[in-house]
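Heads up, the thing below is written out as structure tokens.
The shown structure was predicted, so the numbers you read here are calculated from the model rather than taken from an experiment.
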Amino acid sequence: MIVAVIGSRSPSGQSKNKVAAYLNTIKDEITEIVTGGAYGMDSFGMEYAEANGIKLTVYRPSGWHNAELCQKVKHEPNDIISTGLGFNERNTLIIKHCDFVVCGDYGNGTIDAMNKALKMEKKVYCFGHYIPGRFFKPTPRGIIFKD
């Protein structure tokens, strides 16, 4: 199964630990991790895939992302795709590519991805809390919060 790992650019250590613990319980079933290449939870997903020998696909945005880590993990069978797109458009590619979503702490960009996943009837598991940005966005109904 293909798992999207998404979330805040500044997740807590506790949130990352919870995501790692959950991924460890399903590691043998994960065939691929897909993420967006940003700092924070995206980078954590990239590092988890690399450390566990799991295929990785990264849809890099046109703006702020972890270019150094993307370069480090750019080897077979991984696929680092420069989309030339903004964050919201890139979220669509990530969500279409996955079977379900795992996120840590989250902000408004992650909420966009969550909404897209729920519209595509994909499960979203959340191991964290909302980190407010400039504008408040409500957390979508249908998210499965885990502890």
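Of the inter-residue distances, the one linking Thr35 atom OG1 with Ile94 atom CD1 reads 5.5 Å to the nearest 0.5 angstrom. Put simply, CD1 on Ile131 and CG on Asn108 are 10.5 Å apart, with the number rounded to the nearest 0.5 Å. Taken to the nearest 0.5 Å, the CD atom of Glu29 stands 11.0 Å off from the CG atom of Asp99. Atom OG1 of residue Thr92 and atom CG of residue Leu85 lie 9.0 Å apart, to the nearest 0.5 angstrom.
When every heavy atom of Asn91 is checked against every heavy atom of Gly109, the shortest pair comes out as ND2-O, 3.1 Å. The two residues Cys126 and Gly104 make their nearest non-hydrogen contact at SG-O, 3.8 Å. Closest approach of Pro140 and Ile111 over heavy atoms only: CD-CG2, 4.0 Å. Minimum interatomic distance between Ser43 and Ala38 (heavy atoms only, all atoms of both residues): OG-O, 2.8 Å. Residues Gly128 and Ser15 come closest through the heavy atom pair CA-OG, 4.2 Å.
By the ring pair (Phe, Tyr, Trp, His ring centres under 6.0 Å) test, Phe136 pairs with Tyr130, sequence neighbours left out. With sequence neighbours excluded, the residues that form a salt bridge (charged side-chain N to carboxylate O under 4.0 Å, His left out) with Lys55 are Glu32.
The salt bridge (charged side-chain N to carboxylate O under 4.0 Å, His left out) contacts involving residues 66-91 comprise Asp42-Arg90, where partners must be two or more places apart or lie in separate chains. Sequence neighbours left out, not one pair with a member in residues 129-138 passes salt bridge (charged side-chain N to carboxylate O under 4.0 Å, His left out). Under the salt bridge (charged side-chain N to carboxylate O under 4.0 Å, His left out) criterion, the residue pairs touching residues 105-114 are Asp112-Lys116, with sequence neighbours excluded.
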**OP:** Run the numbers on Glu50 and His75 for side-chain contact (heavy atoms from CB on, under 4.5 Å), then give the verdict.
**Re:** CA-CA 10 Å; Glu50 185 75 0; His75 55 77; 2.9 Å; yes
**OP:** Mind running side-chain contact (heavy atoms from CB on, under 4.5 Å) on Ile143 and Tyr106 for me, showing each step along the way?
**Re:** CA-CA 12 Å; Ile143 304 301; Tyr106 59 97; over 6 Å; no
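The hydrophobic cluster around Phe44 extends to Met1, Val3, Val5, Val19, Tyr22, Leu23, Ile26, Ile30, Ile33, Met41, Met46, Tyr48, Ile54, Leu56, Val58, Leu69, Val73, Ile80, Phe100, Val102, Tyr125, Phe127, Ile144, counting ILVMFWY residues whose side-chain heavy atoms fall within less than 4.5 Å of a member.
The aromatic rings of Tyr59 and His97 sit perpendicular, their planes meeting at an angle over 60°, well past the 30° parallel limit.
At distances below 3.5 Å, not a single donor-acceptor pair connects side-chain atoms of Ser82 with backbone N or O atoms of Gly84.
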